[in-house]
Amino acid sequence: MGLEEHIPSKDNGGSKADKECPDCSGTRFVEDDVRAEIICFKCGLVIEEKLIDDGPSNVFSNEDWDKQTTGPASNIMIHDKGLSTEIGWKNRDYNNKRLPKKRGAQVYRMRQWQNRIRFSNSTERNIMVASKEITTIGAKLNLPESIKESAMVIYRLAANKSLVRGRSIEAVVAFSIYAACRLADNPRSLDEIAEYSDQNRKQIGRTYRFLKRKLKVKLNQTKPQDYVDRLCSELGLSRETKFYSLDIIAKATEAGLVSGRGPLGIAASSTYLASRIYGEKRTQKEIAQITGVTEVTIRNRYKEMIKKLNIDLPE
DNA sequence: AAGACGAAAGTGGTTGA
DNA sequence: TCAACAACTTTCGTCTT
């Protein structure tokens, strides 16, 4: 049990399961739905990342069947959590027989009131727009369902405390996503999120500071370590290199080279060093492009590390 | 020619009075 | 609210491979 539970027993679609790990040629994979990655079960290599979450696959397993009431599970991504009654749009009864004219008109009025009541509250209307936005941006960033859901929870929190008023929905959405990512130890930079939001970076930053204060969300400082995984697999680096990069970060932390510095810069330069030392050299430019820090920063950081940690570079 | 280097000036965020 | 400050970026000329 344990990890085994996560291993898909059937090919979902086929192509994924008949893959081989390029590193150890293992054929069993674990899906990590927090980071949205497929990881080799044998050696831990990230095979595929930024998976699109296709939702729970076992909603109707035998065990669950008994517990099922009717309808799908409550879903936070729908503004009323999918729990309200729907009045069908067709003027037909449960036998699919056309309703008499008079009855049809009545159902029409019911439908109208239903919608008025459902969306009457401006907060609910607002949340509805936000949930669409979270879904859109979440898809563009390839975020797993769990993070989108917690973003929605955070948005609701803000909306219910009337903190959205006077701020744009988009900016609050951006904050919710940013915070949800951080809470899941799968940090994305504000820049990354701003890229897909039609709000500018500045406004998102301002909203971020405001909401962080008001909601009192405790966001741990992002750690450079959290970026290393994603960075290394994007650079196609081996596990050894990745672990060495993490090792450098640990030593740099002890030496006081980390606090006060941007975590992305640290991750970038430790990975740069590791890649050179392990003979898988990547250029500063390459790493700079992926991480979004400049080559200059990578240089400054890694020179510091070499000096303070006594690291020898192969020529 | 590409990559690495480092100086200099500019930008945006944090902090403390 | 403002100035001082450190981190980081941009730009650019130079050196190295």
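Letters A, B, ... are given to chains in the order of the sequence lines, protein chains preceding strands, and every chain is numbered from 1. Not measured: the values here are computed from a predicted model.
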ask   = Below 4.0 angstrom from OP1 or OP2 of dA4(B), is there any side-chain N or O of Tyr272(A)?
value = yes
From CD of Glu304(A) across to P of dA6(C) the rounded distance in Å is 14 Å
* **Short side-chain N/O contact from Arg261(A) to OP1 or OP2 of dA7(C), under 4.0 Å** => yes
Leu190(A) atom CG is separated from dG13(B) atom C1', nearest whole Å, by 12 Å
Scanning all shown strands, the Watson-Crick or wobble mate of dC15(C) with both distances under 3.5 Å is dG3(B)
| request: Check whether any side-chain nitrogen or oxygen of Lys285(A) sits under 4.0 Å from OP1 or OP2 of dA4(B), and answer yes or no. | output: no
query = Taking C-beta and beyond as the side chain, do Cys181(A) and Ile177(A) meet within less than 4.5 Å on heavy atoms?
reply = yes
OP1 or OP2 of dA2(B) sitting under 4.0 Å from any side-chain N/O of Gln284(A)?
-> no
Tyr208(A) OH to dG12(B) P, in whole Å, measures 18 Å
Do the side-chain N or O atoms of Tyr302(A) get closer than 4.0 angstrom to the phosphate oxygens (OP1, OP2) of dC5(B)?
yes
dist Leu264(A):CG -> Thr291(A):OG1 (nearest 0.5 Å) comes out at 6.0 Å
Arg301(A) CZ to dA7(C) P, in whole Å, measures 7 Å
Checking Asn300(A), Leu273(A), Asn310(A) against Met305(A) for side-chain contact (heavy atoms from CB on, under 4.5 Å), the one that qualifies is Leu273(A)
For Thr283(A), which contact category applies under a 4.0 Å heavy-atom criterion: base, sugar-phosphate, or nothing? sugar-phosphate
Any side-chain N or O of Lys281(A) below 4.0 angstrom from OP1/OP2 of dA4(B)?
yes
Worksheet item: Hey, does Gly260(A) reach any base, or is it just sugar-phosphate, or nothing, if we go heavy atoms under 4.0 Å?
Response: sugar-phosphate
Between CG of Leu273(A) and P of dA4(B) the distance, given in whole Å, is 12 Å
Test: Arg188(A) cationic atom under 6.0 Å from Tyr178(A) six-membered ring centre, within 45° of axis:
no
note: Asn300(A), atom CG; dA7(C), atom C1'; distance rounded to Å ~ 10 Å
Derivation of the side chain to side chain donor-acceptor pair (under 3.5 Å) call for Glu280(A) and Thr241(A):
CA-CA 8 Å; Glu280(A) 299 184 308; Thr241(A) 309; 2.4 Å; yes
Between CG of Leu257(A) and P of dA6(C) the distance, given in whole Å, is 17 Å
When rounded to whole Å, the CG to P distance for the pair Leu313(A) and dG3(B) reads 18 Å
